[in-house]
Number of protein chains: 2
Amino acid sequence: MKRKITLKHIARELGVSISTVSKALKNSEEIGAETKVKIQAYAKLHNYKPNNIAISLKNKRTKNIGVIIPDIVHHFFTTVFRGIEKYANGKGYNVIVCLSDESFDKEVINMELLANGSIDGFIMALSSGTQLKGDYTHLKEVTDQGIPLVLFDRVTDEITCDKVVINDKEGAYQAVTKFIKDGRKKIALITTDEYISVSRDRTAGYKQALLDHDLEFDEELILKLPTMEIDENAIASFFSNTEVDAVLCVNEVFAIASMRYVKAKGHNIPEDISFIGFTDGILSKYATPGLTAVAQHGEEMGEIAAQMLIEKIEVEVEEETYVTKVLAPTLIERGSTRNNKV
Amino acid sequence: MKRKITLKHIARELGVSISTVSKALKNSEEIGAETKVKIQAYAKLHNYKPNNIAISLKNKRTKNIGVIIPDIVHHFFTTVFRGIEKYANGKGYNVIVCLSDESFDKEVINMELLANGSIDGFIMALSSGTQLKGDYTHLKEVTDQGIPLVLFDRVTDEITCDKVVINDKEGAYQAVTKFIKDGRKKIALITTDEYISVSRDRTAGYKQALLDHDLEFDEELILKLPTMEIDENAIASFFSNTEVDAVLCVNEVFAIASMRYVKAKGHNIPEDISFIGFTDGILSKYATPGLTAVAQHGEEMGEIAAQMLIEKIEVEVEEETYVTKVLAPTLIERGSTRNNKV
DNA sequence: CCATTTTACGCAAACGGTTTCGTGCCAGGA
DNA sequence: TCCTGGCACGAAACCGTTTGCGTAAAATGG
């Protein structure tokens with residue numbers, strides 16, 4: 001077992017001082033050519049690599065960024081993460097991921113742990129627990145310490161920091177407008193509880209589109225599912241009691257589960273009922289028929305978040321400014337809406 | 001902006017030495033009750049938290065584990081990651097993720113970077129690039145340095161370390177046996193290139209099951225897709241030229257794409273053709289009909305890998321022993337095979 | 001040949017902790 | 001009064017690097 005070699009080993013072995021070794025390896029002008037060659041050769045031979053931890057301590061820079069997301073199993077977060085990792089890696093940063101599991105407590109614990117020197121900045125999407133509780137002191141503490149923070153997707157106005165979101169209201173608006181253009185009149189919305197910021201915005205877009213096209217807003221046409229898990233019974237009773245010809249869902253799982261139900265009941269998609277779902281993930285793509293979806297551009301969002309964060313980490317300014325970048329959603333048309341290919 | 005406070009600050013402020021503060025905060029018996037109370041109160045008031053980096057340098061323990069996987073967007077890797085994160089977090093470890101993107105070079109670079117002190121151990125699944133190249137010197141170097149390593153899913157015999165895999169051969173065997181019991185005779189296999197260890201094992205299980213049930217093995221019934229991306233044309237030409245009544249796919253995307261194609265061609269599933277896919281992911285669950293799948297128990301695999309790794313990190317033994325844990329796959333029956341519910 | 005500059009390196013502090021080993025002081029015992 | 005012991009704390013080494021500064025020895029100049 002060849003343990004890692006340090007400057008000290010090289011110095012002792014070659015009979016020079018540690019600082020000489022350090023300088024020689026940085027090709028400093030201070031060190032004589034002969035000595036440099038000797039030291040560099042020895043270092044290469046023994047595969048010397050400086051210890052990251054020691055360098056971090058010295059520089060107060062870890063080259064790590066912390067990513068805290070509710071869940072990695074959701075396709076959207078996964079794509080965002082990939083964008084973050086890609087950009088960060090290109091800039092020489094590593095990514096530490098913590099899953100909050102939608103829990104306020106886990107979010108707080110993980111942040112505090114990482115904030116004690118392990119990372120140079122955070123990228124995060126708020127857990128539903130945090131949004132429900134409305135308590136953002138853990139974020140405040142982090143920003144107060146001067147640790148850069150970028151929020152994405154699930155954000156809050158309570159915290160002043162860089163943010164990147166898609167225009168959820170606009171996405172819902174586009175979807176509903178598409179339904180209306182296709183002649184739909186009874187447009188339903190399947191969503192989660194209001195405390196999730198994105199659901200709130202999407203509901204607003206839904207209402208706005210109805211209003212703008214002189215359709216009545218009807219509470220009966222909205223189904224709120226309290227959890228991300230599929231409640232088959234709730235879906236069944238909703239469709240039995242409500243007459244609809246189009247359904248907008250705030251995520252693709254809701255959409256796929258609903259499509260499955262109405263297909264089983266003998267309805268045709270998109271002839272009888274159209275569907276649009278948020279999140280253009282793998283399910284939308286491979287569903288039969290393909291699910292028309294509001295693409296959230298997760299990977300791009302991740303790259304932008306990472307770019308904003310690293311910018312804040314690396315450049316010193318006397319007066320910080322914060323921006324909220326709003327990405328435009330894109331409607332990807334597939335077979336679950338009228339007049340389209342499979 | 002309240003910068004992080006250090007022992008030095010507290011010491012200076014309270015007129016004691018740094019070591020006194022350190023000991024007081026650890027509730028050492030050496031320090032007088034009065035002084036301890038005073039120091040602890042001050043620390044709490046100013047929210048003192050020790051710097052992780054400094055502790056890492058001192059202890060030569062980072063409490064970080066490195067996870068290197070080919071891609072996070074694949075459901076299987078995602079679930080494994082969740083298992084790892086869950087277990088590791090419970091043990092006070094953070095997880096640094098690097099994506100190799102199926103590339104040998106990225107895998108090597110990321111490993112070398114992390115190996116220089118950033119992590120206490122690695123958990124990884126080999127990239128296809130690495131398996132294709134068959135070069136494992138970067139793994140060897142890591143283990144030679146005494147850094148614990150656990151491989152999962154995509155493993156190699158060339159490296160001596162802990163491993164956790166599912167019995168891929170057995171999974172394929174079970175699937176094919178299921179087909180045969182259902183009366184299928186022309187059983188196809190859609191797979192990737194042989195250099196991926198899991199594909200090789202699954203192909204072996206497929207062949208073995210045919211042999212054991214006196215069915216002829218026919219090369220024509222195997223479709224090899226060179227990349228993970230779906231090649232619609234290859235699928236179309238395969239099904240046009242080959243008569244099959246059952247299809248085993250080495251991942252769910254292949255299965256879903258194939259099902260879609262044969263459905264579009266007017267065949268009924270499972271009446272005319274049955275399907276089974278590996279990876280029991282979200283697609284299998286929400287497909288219509290549901291895809292019968294070989295569950296790989298990713299989350300469990302992740303937990304076990306993390307457990308094995310942390311065990312190796314934390315306990316010192318004079319003679320290391322390595323085990324390969326083989327998990328049993330489970331066939332999850334859904335509507336894509338005969339005699340079953342939707 | 002002596003003074004000055006340059007070369008080539010070492011010392012030591014610093015990053016933020018932990019921990020071992022002293023050490024000054026006070027109390028108690030003889 | 002002197003010695004001993006324990007209490008309460010401080011000094012310093014250490015983890016692995018970086019870097020400003022000091023300084024011998026060599027080179028240069030006059």
Side-chain angles (χ1 to χ4, degrees), chain A residues 3-40 42-43 46-64 113-120 145-147, chain B residues 3-40 42-43 46-64 113-120 145-147:
Chain A
R3 273 243 92 81
K4 273 269 159 198
I5 194 175
T6 69
L7 290 183
K8 199 195 286 189
H9 292 114
I10 303 183
R12 196 193 309 131
E13 214 60 32
L14 264 44
V16 295
S17 79
I18 293 179
S19 46
T20 302
V21 178
S22 175
K23 288 167 186 167
L25 293 177
K26 312 210 103 169
N27 232 327
S28 160
E29 290 304 320
E30 272 186 78
I31 306 301
E34 232 180 300
T35 319
K36 271 204 284 201
V37 170
K38 183 178 65 173
I39 292 176
Q40 287 168 1
Y42 189 93
H46 291 79
N47 194 29
Y48 169 79
K49 295 276 166 52
N51 180 307
N52 291 333
I53 298 292
I55 292 181
S56 293
L57 183 58
K58 186 88 197 90
N59 299 350
K60 296 169 154 242
R61 280 288 164 79
T62 62
K63 284 271 183 179
N64 287 155
L113 205 73
L114 293 182
N116 298 134
S118 297
I119 51 86
D120 295 340
Q145 282 171 37
I147 300 178
Chain B
R3 273 243 95 80
K4 274 269 161 199
I5 194 175
T6 70
L7 288 184
K8 199 195 284 190
H9 292 114
I10 303 183
R12 195 193 311 130
E13 213 61 33
L14 264 42
V16 293
S17 78
I18 293 180
S19 43
T20 303
V21 177
S22 176
K23 288 170 189 165
L25 293 177
K26 312 208 101 170
N27 231 327
S28 159
E29 289 305 319
E30 273 187 75
I31 306 301
E34 235 179 299
T35 319
K36 269 204 286 203
V37 169
K38 184 178 65 176
I39 292 176
Q40 287 169 1
Y42 188 93
H46 291 78
N47 194 29
Y48 170 79
K49 295 275 167 53
N51 180 308
N52 292 334
I53 299 291
I55 293 180
S56 293
L57 182 58
K58 182 75 191 158
N59 299 349
K60 299 171 153 237
R61 280 288 165 78
T62 62
K63 284 271 181 178
N64 286 154
L113 206 72
L114 292 181
N116 295 318
S118 297
I119 50 87
D120 295 339
Q145 283 172 36
I147 300 178

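Reminder, nothing fancy here: chain letters follow the sequence lines and each chain counts from 1.
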ask   = Is the distance from OP1 or OP2 of dC9(C) to the nearest side-chain N or O of Thr35(A) less than 4.0 Å?
value = yes
message = Between the base of dA11(D) and the side chain of Ser19(B), is one N or O donor paired with an acceptor at under 3.5 angstrom?
response = yes
key: Value in whole Å for how far the P atom of dA8(C) lies from CD1 of Ile39(A)   = 13 Å
query = Roughly how many Å is it from CD1 in Ile5(B) to C1' in dC15(C), rounded to a whole number?
reply = 17 Å
note = Which of dG16(C), dT18(D), dG16(D) is nearest the side chain of Ser22(A)? It is dT18(D)
ask   = dC15(D) C1' sits how many Å from Asn52(A) CG, rounded?
value = 15 Å
ask   = Counting N and O atoms only, with roles assigned by atom type, does the side chain of Asn52(A) sit under 3.5 Å from a partner on the main chain of Leu114(B), one being a donor and the other an acceptor?
value = no
task = Give the intermediate values and the outcome of side-chain contact (heavy atoms from CB on, under 4.5 Å) for residues Asn51(A) and Lys4(A).
result = CA-CA 9 Å; Asn51(A) 180 307; Lys4(A) 273 269 159 198; over 6 Å; no
message = Using whole Å, what does the distance between atom P of nucleotide dC14(D) and atom CD1 of Ile18(A) come to?
response = 11 Å
message = From the set dT19(D), dC9(D), dG16(C), return the single nucleotide nearest to any side-chain atom of Thr20(B).
response = dC9(D)
key: Rounded interatomic separation in angstrom, taking CZ from Arg12(B) and P from dG17(C)   = 13 Å
task = Between Ala33(B) and Asn59(B), just flag the one whose closest nucleotide in DNA chain D comes earlier from the 5' side.
result = Ala33(B)
query = dC14(D) base to Lys58(B) side chain: any donor-acceptor pair below 3.5 Å?
reply = yes
key: Euclidean distance, atom CG of residue Asn51(B) to atom P of dT18(C) [Å, nearest integer]   = 10 Å
request  = When you get a sec, tell me which of dC21(D), dT19(C), dT17(D) is the closest nucleotide to the side chain of Glu30(A)?
outcome  = dC21(D)
note = Among the nucleotides dC11(C), dT17(D), dC9(D), whichever has the atom closest to the side chain of Ser17(A) is dC11(C)
Pairwise distance CD1(Ile119(A)) to CZ(Arg61(A)) - rounded to 0.5 angstrom = 11.5 Å
key: Whole-Å distance separating the CD atom of Glu29(B) from the P atom of dG6(D)   = 15 Å
message = Any side-chain N or O of Tyr48(B) below 4.0 angstrom from OP1/OP2 of dG17(C)?
response = yes
message = Any side-chain to backbone donor/acceptor pair from Lys36(A) onto Ser28(A)? Under 3.5 Å, distance only.
response = yes
query = Of the nucleotides dG16(D), dA11(D), dG17(C), which one has an atom closest to the side chain of Lys60(B)?
reply = dG16(D)
task = Classify the side chain of Lys23(B) versus the base of dT20(C) as yes if they form a donor-acceptor pair under 3.5 Å and no if they do not.
result = yes
query = Taking the side chain from Asp120(B) and the backbone from Thr62(B), do they hold a donor-acceptor pair closer than 3.5 Å?
reply = yes
ask   = What integer distance in Å separates Leu57(B):CG from dA14(C):P?
value = 17 Å
